[in-house]
Amino acid sequence: MTLHINGHCDEMPMQELKALILKHGGQYDHYFSKSTTTHMVASNLTPPKKHEVRHFKVATPRWVLDSIAQGKLLPWHRYSALTMVPLVSDQTLLVPTVHGATSSGSIPPPGHALPQPPPSTPARPPAPARPPAPAPTPRPAAKDAKDPEFLQQYYQHSRLHFLSTWKAELQAMMRPIHDELQRKAQERAANAPPPPFKVIMHVDMDCYFVSVAFRSRPDLVDKPVGVAHAEKMNADGSSEIASCNYVARRFGVRNGMFTDQARKLCSQLFLLPYDFAAYRTTTAQLYAALRDFATGLHDLSCDEAYIDESPHITDPSDILPLAHAIRPKFAPERDAPRRLGHHVARKLAGMKVVTAADLVNVSEPKLQAELGAKLGETLYGYGRGIDEGDFGHKPRQTVSAEVNYGIRFDAQDQAHEFMRQLTREVAQRLHSVGAKAAHMTLKIMKRATDADPRMHLGHGICDTFSKSQTFARATNQADALATVACTRLVYPGDKVEKDGRTLFDFVRPTKGKKEKKGNGDEVGCGDRTVGRREEPVPPPRSAPRVVEGARNGAPAAWIEGATSSTIAQVDKIMAQELALSVLNDLPPDIRRELI
DNA sequence: ATCCTCCCCTAC
DNA sequence: TAAGGTAGGGGAGGAT
Ligand SMILES: Nc1ccn([C@H]2C[C@H](O)[C@@H](COP(=O)(O)OP(=O)(O)OP(=O)(O)O)O2)c(=O)n1
Ligand SMILES: [Mg+2]
Ligand SMILES: [Mg+2]
């Protein structure tokens with residue numbers, strides 16, 4: 001059973017109550033979750049709050065203390081914290097509990113029952129009533145990017161940030177292993193005939209985040225389950241499902257779907273929380289295991305890798321047995337096809353290409369005309385079993401930090417302060433990989449006029465703008481990056497009188513496209529004014545100019561209002577020594593020009 | 001031709 | 001009570 005404590009309770013500090021619950025075999029939800037919380041514990045609820053939670057099982061802390069003291073689970077309704085509210089008759093409205101029980105007063109199976117004091121640890125006697133705990137006043141959650149704590153909190157909770165940064169860490173971690181495998185491969189090539197077949201296996205963990213969550217919730221393996229942040233219990237909260245298991249997929253639930261939509265498809269869906277630390281250790285285990293099977297290893301993501309098995313294969317019939325050996329539950333029918341993005345898939349469907357086999361029916365020029373030269377050629381090859389994709393690692397070319405959530409600035413200094421935080425982040429990452437950048441790009445997303453105003457903290461429909469600049473010298477200094485971002489790529493416009501709400505003003509505004517995600521085949525871009533070569537970075541130009549730009553014919557020299565997103569990206573990163581040596585190798589006249 | 005800048009798209 | 005990041009491939013169109 002899983003309890004959530006609402007507000008503070010009169011009997012004892014919340015932390016102590018929580019510790020008691022955990023100690024005696026209960027689970028604890030920091031946030032109430034419709035799908036995992038079985039009971040709520042509350043001392044004093046305001047009438048509106050009572051109304052809000054009237055469909056849930058809400059008991060007083062005394063219920064927990066008495067149950068522990070008596071060594072058995074007492075019926076919660078004797079301790080209901082909702083006595084002022086008439087009991088509802090429609091119990092079917094109750095969300096599933098961890099045990100699937102929907103009737104009130106259900107007693108969980110013994111294995112999960114709250115009172116199970118181990119003989120060695122006598123139950124703590126019920127705490128005597130005390131005065132209310134001193135107001136714990138934890139710092140309120142940072143609401144949006146105006147809050148200086150926002151960035152850190154956001155990163156702690158963003159799964160996409162986790163995926164991306166963990167992938168970069170993985171690649172760094174794998175480099176020595178990769179080098180070693182490469183060395184062995186060269187040795188083999190020198191001493192033995194090349195393998196008759198090139199066999200690359202694609203290893204991908206099933207519903208990764210959910211599978212990790214199952215380790216602590218084995219009771220749910222047969223249920224439809226997703227991993228997502230807790231939703232607001234009341235009404236309209238919804239969060240994105242990072243991963244869902246195959247039971248849930250049978251209902252149509254998908255990774256990346258929002259919980260409100262998912263629940264319409266599958267009302268019994270259970271949602272479990274993230275556990276980023278566990279993903280890390282599990283991924284490390286995965287890669288350690290794969291290294292022992294493979295003669296080549298290409299890390300793709302936290303749950304996925306290519307392994308080169310060519311030397312182990314002398315005949316095609318060896319392939320499946322080997323795959324079975326590597327993964328006992330290997331299921332050929334689940335072998336994922338190459339997935340296509342929305343836009344490409346639509347264009348292909350227009351050519352009557354739905355499966356890979358259909359690709360043989362389309363000529364290469366036709367594919368190239370529809371999809372671009374490169375992708376057309378690549379897909380033409382795929383249709384014929386040709387994949388020239390290389391299996392190597394390239395050094396990283398860019399480092400970037402980007403936030404498109406919680407961006408709600410009212411004034412320019414807020415926006416600039418946030419830019420300073422982002423550039424500081426980029427500088428730190430450069431330092432951590434021992435690199436400097438020779439180029440920087442700033443990207444801004446501006447909320448489109450037709451964006452949905454009810455949007456919570458997401459970015460919604462936006463126009464995007466970007467501007468980049470080459471540095472005279474490569475740098476990894478946070479201050480330098482911040483200066484460039486705030487004064488060279490973007491600067492406070494002259495027309496700040498606009499309610500004091502001018503936020504960013506592109507030195508050279510460009511016309512943006514319609515939206516970030518979604519069907520992006522509107523008009524192409526254009527309207528680029530002259531790009532004259534920028535001066536070397538420090539010192540910044542003293543007199544920035546305002547340039548009129550146009551989007552759909554309207555003057556658009558500044559961006560105003562509740563804006564959206566920011567990215568600070570540095571390009572052409574290089575080892576520190578290299579940056580200097582390249583510079584020193586330049587002919588003196590060019591060098592003087594740069595410095 | 002090739003490079004550069006700004007933009008789009010994809011994957012996890 | 002949510003947490004739409006991040007890196008890379010690549011194209012259009014102008015500059016060189
Ligand atoms: N839109 C997405 C897609 C994936 N992920 C995370 C959660 C996934 O568990 C993990 C791995 O992604 P996969 O594409 O491999 O998806 P799963 O492993 O969840 O499912 P499958 O069994 O189809 O591989 O990345 C995410 O947060 N958001
Ligand atoms: Mg997977
Ligand atoms: Mg995967």
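Note on naming: letters A, B, ... go to the chains in the order of the sequence lines (proteins, then strands), and numbering restarts at 1 for each one. Here the structure is a predicted model, which is why all the values come from computation and not from measurement.
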Quiz item: Taking the six-membered ring for Trp, does A:H161 stack with C:dG5 (centroid gap under 5.5 Å, planes within less than 30°)?
Solution: no
Quiz item: If we require ring centres under 5.5 Å and near-parallel planes under 30°, does A:H459 stack on C:dG4?
Solution: yes
Closest nucleotide among [options] to the [X] side chain:
X: A:K232; options: C:dA2, C:dG5, C:dA7; result: C:dA2
X: A:T470; options: B:dC9, C:dA3, B:dT5; result: B:dT5
X: A:Q397; options: C:dA2, C:dT6, C:dG8; result: C:dG8
X: A:H343; options: B:dC12, C:dT6, B:dC9; result: B:dC9
X: A:V344; options: C:dT6, C:dA2, B:dC9; result: B:dC9
X: A:L163; options: C:dA2, B:dC12, B:dC9; result: B:dC12

Using a cut-off of less than 4.0 Å, is there contact between a side-chain N or O of [X] and OP1 or OP2 of [N]?
X: A:S158; N: C:dG4; answer: yes
X: A:Q152; N: C:dA3; answer: no
X: A:S466; N: B:dC6; answer: no
X: A:Y154; N: C:dG5; answer: yes
X: A:H342; N: B:dT10; answer: no
X: A:R429; N: C:dT6; answer: yes
X: A:S468; N: B:dC6; answer: yes
X: A:R396; N: C:dT6; answer: no
X: A:N404; N: C:dG5; answer: yes

Exercise. Could you tell me whether A:S301 contacts a base, only the sugar-phosphate backbone, or nothing, with contacts defined as non-hydrogen atoms closer than 4.0 Å?
Key: sugar-phosphate
Quiz item: Which of parallel (below 30°), tilted (30 to 60°) and perpendicular (above 60°) describes A:Y279 and A:F276?
Solution: perpendicular
Practice problem: Can you label the angle between the A:F150 ring and the A:Y405 ring as parallel, tilted or perpendicular, going by 30° and 60°? | Solution: parallel
Quiz item: Passes side chain to side chain donor-acceptor pair (under 3.5 Å), A:T259 versus A:S238? Steps please.
Solution: CA-CA 5 Å; A:T259 52; A:S238 185; 3.1 Å; yes
Quick one: [X] [atom1] to [N] [atom2], roughly how many Å, whole number?
X: A:D144; N: C:dG4; atom1: CG; atom2: C1'; answer: 15 Å
X: A:M440; N: B:dC4; atom1: CE; atom2: P; answer: 19 Å
X: A:K167; N: B:dA11; atom1: NZ; atom2: P; answer: 12 Å
X: A:F162; N: B:dA11; atom1: CZ; atom2: P; answer: 20 Å
X: A:L271; N: C:dA3; atom1: CG; atom2: P; answer: 12 Å
X: A:K347; N: B:dT10; atom1: NZ; atom2: C1'; answer: 13 Å
X: A:L348; N: B:dT10; atom1: CG; atom2: C1'; answer: 14 Å
X: A:L422; N: C:dT6; atom1: CG; atom2: P; answer: 9 Å

Exercise. I would like to know whether A:N255 and A:C244 meet side chain to side chain contact (heavy atoms under 4.5 Å, CB included); could you show each step before the answer?
Key: CA-CA 6 Å; A:N255 290 2; A:C244 62; 3.8 Å; yes
Quiz item: DNA chain C: A:A168 or A:G458, which has the more 5' nearest nucleotide?
Solution: A:G458
SB check [X] [Y] (cutoff 4.0 Å):
X: A:E417; Y: A:K146; answer: no
X: A:E149; Y: A:K143; answer: no
X: A:E377; Y: A:K374; answer: no

Exercise. List the steps and the verdict of salt bridge (charged side-chain N to carboxylate O under 4.0 Å, His left out) for A:R346 and A:E370.
Key: CA-CA 11 Å; A:R346 239 182 45 192; A:E370 297 288 333; over 6 Å; no
Quiz item: Looking at A:Y28 versus A:H4, is the centre-to-centre ring distance below 6.0 Å?
Solution: no
Quiz item: Hey, can you pull the residues of residues 368-375 of chain A with a non-hydrogen atom under 4.0 angstrom from DNA chain C?
Solution: A:G372, A:A373, A:K374
Quiz item: Any donor-acceptor pair under 3.5 Å joining the side chain of A:Y155 to the base of C:dA3?
Solution: no
